[in-house]
Each structure stands twice: as structure tokens, then as C-alpha cells.
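In what follows, a single structure is set out as C-alpha cells and then discussed.
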Amino acid sequence: MNTTGSPRRIDLSRRPNHHLAFGNGPHTCIGAHLGKLEARAFVEELLRVVPDFRPDGDPELEWNSIDGRRIPGEFLSLPLVVVT
Ligand code: HEM
């Protein structure tokens, strides 16, 4: 499925996978490496406790604005269903 241009849809296998996650242009996020490490630790722990799950509806996001660009802020909800 081509999800380019679908900012509310999470598709970890998306190709091409251009995104603004840690900035785009002359500035970039100084905490990118720590952020990626924290994300990896979160996913590893989640998979240890809940090995199989799938999305259950669209996530609810809070949006921020940087220099007029609209970027995802934080997840307010991320509905998941545990697959048994
Ligand atoms: C998933 C986690 C994170 C995401 C998605 C993220 C995203 C971003 C984005 C989009 C920018 C703006 C870049 C630009 O101006 O184009 C930024 C800047 C920045 N971030 Fe992060 N960030 C994350 C984690 C962190 C962490 C963990 C730290 C510090 C420990 C951090 C520190 C900073 C700082 C200091 C800037 C300003 C850099 C500058 O203006 O030169 N970030 N981040």
C-alpha cells in the first residue's frame, strides 16, 4: 500500500519513507540518536510483554507547528488489539 501523503496512517514498511521526524533542512534534532534508542527500547519491551497485536482504528495525534510546518506532536491514543 502506498501511504505517502497519508500522515495519519502508520505504515512501518512504507517505501519510499521520506518523513520529517527529526527535522528537514538546515536544522536537525540534536536528540535524534537518543530518541531512536528510546523508541527501540519501547518497541523491544512492548514486544516482550505483548508479542502479537495489530492497530484497531486510527491513532489520535496532537499536532505541533514549526516554522509554519505541521508536524506530529504526541500520540493521545493508539488503539491496539492483542492477537491471541
Ligand atoms: C522521537 C523523539 C524526537 C523527535 C521526533 C524529535 C524531533 C525534532 C524536530 C522535528 C526538531 C526540529 C528540527 C528542525 O529545526 O528542523 C527537533 C529539534 C531539537 N530536538 Fe528533537 N526530537 C526528538 C527527541 C529529542 C531528544 C530526546 C532531545 C534531547 C535529549 C531532543 C532535542 C532537540 C533539540 C535541542 C532541538 C533543537 C536543535 C536545533 O535547533 O539546532 N530531541 N527535534
Side-chain angles (χ1 to χ4, degrees):
M1 178 193 333
N2 182 354
T3 49
T4 299
S6 305
R8 291 175 183 272
R9 177 169 294 281
I10 295 175
D11 177 5
L12 299 181
S13 63
R14 184 177 71 171
R15 295 286 181 274
N17 192 22
H18 302 304
H19 54 75
L20 290 173
F22 293 105
N24 180 27
H27 289 187
T28 192
C29 173
I30 199 170
H33 295 292
L34 178 58
K36 289 177 186 177
L37 191 66
E38 290 173 340
R40 177 181 291 271
F42 167 76
V43 172
E44 285 175 354
E45 279 304 298
L46 181 63
L47 290 176
R48 192 177 62 77
V49 177
V50 187
D52 205 1
F53 58 87
R54 61 175 169 74
D56 184 31
D58 291 333
E60 190 183 352
L61 293 171
E62 184 180 276
W63 293 85
N64 293 330
S65 176
I66 294 182
D67 293 336
R69 289 179 302 175
R70 194 163 173 259
I71 61 168
E74 65 180 83
F75 282 98
L76 300 176
S77 69
L78 180 59
L80 300 173
V81 163
V82 175
V83 178
T84 53

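Start at 1 and go down the list; that is how both ligands and their atoms are numbered.
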Requested in this report: Report, as yes or no, whether the 6.0 Å neighbourhood of atom CG on D56 holds more than 12 heavy atoms from other residues, nucleotides or ligands.
Outcome: yes
Report task. Answer yes or no: does atom CG of L34 have more than 12 heavy-atom neighbours from other residues, nucleotides or ligands under 6.0 Å? Result -> yes
**Report entry** Which atom of F53 lies closest to which atom of L47, heavy atoms considered
**Finding:** CE2-CD2, 3.9 Å
Report summary line: Minimal heavy-atom distance between P79 and P59, with the atoms involved, is CD-CA, 4.0 Å
Report summary line: Contact region, R69 to ligand 1, non-hydrogen atoms below 4.0 Å, reads side chain
Query raised in the report: How many protein atoms of type N/O/S are positioned less than 2.8 Å from atom 21 (Fe) of ligand 1?
Result: 1
Query raised in the report: Could you give the distance from CG (L78) to CG (L61), rounded to the nearest 0.5 Å?
Result: 9.0 Å
Query - Nearest-contact summary for atom 40 (O) of ligand 1 - protein heavy atom, Å - result: H27 ND1, 3.6 Å
Query raised in the report: Should L80 and V49 be regarded as members of a common hydrophobic cluster, given that ILVMFWY residues are connected when their side-chain heavy atoms come within less than 4.5 Å of each other, either directly or indirectly?
Result: yes
Query raised in the report: Taking a hydrophobic cluster as the set of Ile, Leu, Val, Met, Phe, Trp and Tyr residues connected by side-chain heavy atoms closer than 4.5 Å, whether directly or through intermediates, do V50 and F75 fall within one such cluster?
Result: yes
Hey, can you pull the donor-acceptor pairs under 3.5 Å for the side chains in residues 38-46, sequence neighbours left out?
residue, atom, partner, partner atom, Å
E45, OE1, R48, NE, 3.2
E45, OE1, R48, NH2, 2.8
E45, OE2, R48, NE, 3.4

Query - Sub-4.0 Å protein heavy atom next to atom 19 (C) of ligand 1 - result: yes
Query raised in the report: Who gets closest to atom 38 (C) of ligand 1 by heavy atom: I66, L37, T28?
Result: T28
Query - Which of the ligand 1 atoms, numbered from 1, are nearer than 4.0 Å to a heavy atom of L34 - result: 27 (C), 30 (C)
Report task. Enumerate the atoms of ligand 1 whose separation from the nearest heavy atom of A21 is less than 4.0 angstrom. Result -> 4 (C), 5 (C), 6 (C), 7 (C), 8 (C), 10 (C)
